[in-house]
Amino acid sequence: MNKLAVIVTVALAAILLWGTTDFPNWGDAQSPASTHLSNRYIKEAYQQTHVPNLVSAILADYRNFDTMLETSVVFVAGTAIFLILRLPLGPLARRRNFDSDPPKPLKSLARDPILEMACRLLFPPIQLFGLYVLCHGHYSPGGGFQAGVTLGASFIMLAIGFDLTSATTRLSENLFRRFMAWGVLLYAGVGVLCLLLGGPFLDYAALGVLLPLEPEALRSHGILLVECGVTMTVGSVIFGIYTNLVSRGSHQDSL
């Protein structure tokens, strides 16, 4: 079985590498993306979306379906780690594998009052900065992924500076598990709402039935809505992955 897996993996890698031979050369100014697509984005993105940040306009408007799937991949990764380490299957599998030589309990580090005070002081401004990155992501560098990483890292900082219990007291397991799913549902829900209002999936102009705004302003507000979904999923998944990995799924002992 292992030999078959190796053969399939090597064959798939060879096919993918062979497919790259059809790609244009790196930096080729005559490639279709350089001669047609990029120029259109640069010239028309602001007029069509009212979003000064070209990256956000592309990721959350022109390529919003792709970004929704990327958010779903993050959600699947966090769910997979949860299923392996947190559900009864994880502990049962570990007990079965370590019956003869059980793993040693993790040794907690000594608490440092200076580190704790620094984390206590830094936690609010980091959270505020994460919300700023989210709200201004379509006007300046930033967005849902960056905001989610910032917010998730703030809770990880609490877990490192204090302990895991202190962090999960502020963002409990039930809460971050729900946020993982709610973020994807919010993103997809905006698309479904556009369909129900008579427009294509994730065409924010359809929201004009509910919001009396210009089409360009609607696209800007639609980007903010889906970015909120991305932030919820990314931030929760990052903290959830850390919580499960450092505690081996127990959510008690940690590094």
Looking only at heavy atoms, which two atoms of [X] and [Y] are closest? And how far apart?
| X | Y | value |
| --- | --- | --- |
| Gln127 | Ser154 | NE2-OG, 2.7 Å |
| Ala57 | Ala45 | CB-CB, 4.4 Å |
| Gly78 | Met180 | C-CE, 3.8 Å |

Non-neighbouring partners of Arg170 that pass salt bridge (Lys or Arg N to Asp or Glu O under 4.0 Å), sequence neighbours left out |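 For Arg170 there are no salt bridge (Lys or Arg N to Asp or Glu O under 4.0 Å) partners, ignoring immediate neighbours.
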Tell me if a side-chain donor or acceptor on [X] pairs with a main-chain N or O of [Y] at a distance below 3.5 Å.
| X | Y | value |
| --- | --- | --- |
| Asn53 | Gly137 | yes |
| Thr168 | Thr165 | yes |
| Ser172 | Thr169 | no |
| Asn244 | Gly240 | yes |
| Arg120 | Glu116 | no |
| Thr150 | Gln146 | yes |

Given side chains that start at C-beta, do those of [X] and [Y] come closer than 4.5 Å, heavy atoms only?
| X | Y | value |
| --- | --- | --- |
| Ile42 | Leu54 | yes |
| Leu218 | Leu211 | yes |
| Leu210 | Leu193 | yes |
| Leu224 | Ser220 | no |
| Thr243 | Glu173 | no |
| Ser247 | Leu164 | yes |
| Leu59 | Val55 | yes |

ring-ring contact (aromatic ring centres under 6.0 Å, His included) partners of [X], counting only residues at least two apart:
| X | result |
| --- | --- |
| Tyr46 | His50 |
| Phe179 | Trp182 |
| Tyr187 | none |
| Tyr41 | Tyr62 |

For Gln30, does the CD atom have more than 12 heavy-atom neighbours from other residues, nucleotides or ligands under 6.0 Å away?
->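 Counting other residues, nucleotides and ligands, CD of Gln30 stays at 12 neighbours or fewer.
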Could you walk me through whether Met68 and Arg63 pass the side chain to side chain contact (heavy atoms under 4.5 Å, CB included) check?
-> CA-CA 9 Å; Met68 184 187 72; Arg63 292 178 57 239; over 6 Å; no
Among the clusters formed by ILVMFWY side chains lying less than 4.5 Å apart, do [X] and [Y] turn up in the same one?
| X | Y | result |
| --- | --- | --- |
| Ile156 | Leu245 | yes |
| Ile160 | Leu121 | no |
| Leu175 | Leu131 | no |
| Ile223 | Tyr132 | no |
| Val184 | Leu195 | yes |

Enumerate the residue pairs fulfilling ring-ring contact (aromatic ring centres under 6.0 Å, His included) with a member in residues 206-239, sequence neighbours excluded, ordered by first and then second residue.
->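 Output for this query lists Phe155-Phe239, Phe176-Phe239.
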Can you list, pair by pair, the side-chain donor-acceptor contacts under 3.5 Å of residues 198-208, counting residues two or more places apart and other chains?
| from | atom 1 | to | atom 2 | distance (Å) |
| --- | --- | --- | --- | --- |
| Asp203 | OD1 | Ala205 | N | 3.4 |
| Tyr204 | OH | Ala60 | O | 2.5 |

With rounding to the nearest 0.5 angstrom, report the [atom1] to [atom2] distance, [X] to [Y].
| X | Y | atom1 | atom2 | value |
| --- | --- | --- | --- | --- |
| Phe162 | Met157 | CZ | CE | 8.5 Å |
| Leu134 | Leu151 | CG | CG | 8.0 Å |
| Ser56 | His136 | OG | NE2 | 12.5 Å |
| Ile114 | Met117 | CD1 | CE | 10.0 Å |
| Leu186 | Glu227 | CG | CD | 11.0 Å |

Non-neighbouring partners of Leu12 that pass side chain to side chain contact (heavy atoms under 4.5 Å, CB included), sequence neighbours left out =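 Side chain to side chain contact (heavy atoms under 4.5 Å, CB included) list for Leu12, sorted by chain: Leu16.
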Of all pairs that satisfy salt bridge (Lys or Arg N to Asp or Glu O under 4.0 Å), the ones with a partner from residues 185-202, not counting sequence neighbours =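 Output for this query is empty, none listed.
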What residue pairs, at least two apart or across chains, pass salt bridge (Lys or Arg N to Asp or Glu O under 4.0 Å) with a residue in residues 185-194?
->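 Qualifying pairs, neighbours excluded: none.
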Begin with the C-alpha distance, continue with both residues' side-chain angles, and end with the deciding distance and a verdict on side chain to side chain contact (heavy atoms under 4.5 Å, CB included) for Phe145 and Thr71.
-> CA-CA 9 Å; Phe145 287 99; Thr71 307; 3.9 Å; yes
Which of these passes side chain to side chain contact (heavy atoms under 4.5 Å, CB included) with Ile241: Val246, Ile81, Val74?
->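 Between Ile241 and the candidates, side chain to side chain contact (heavy atoms under 4.5 Å, CB included) is satisfied uniquely by Ile81.
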Name every donor-acceptor pair, under 3.5 Å, that has one atom in a side chain of residues 18-27 and the other anywhere in the protein, sequence neighbours excluded.
| from | atom 1 | to | atom 2 | distance (Å) |
| --- | --- | --- | --- | --- |
| Thr20 | OG1 | Leu17 | O | 2.4 |
| Thr21 | OG1 | Trp18 | O | 2.5 |

Please determine, by modelled atom types, if Thr67 and Asn64 share a side-chain donor-acceptor pair under 3.5 angstrom.
->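 There is no such pair (donor and acceptor under 3.5 Å, judged by atom type) between the side chains of Thr67 and Asn64.
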side-chain hydrogen bond (donor to acceptor under 3.5 Å, both in side chains) partners for Glu214, two or more places apart |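 side-chain hydrogen bond (donor to acceptor under 3.5 Å, both in side chains) list for Glu214, sorted by chain: empty.
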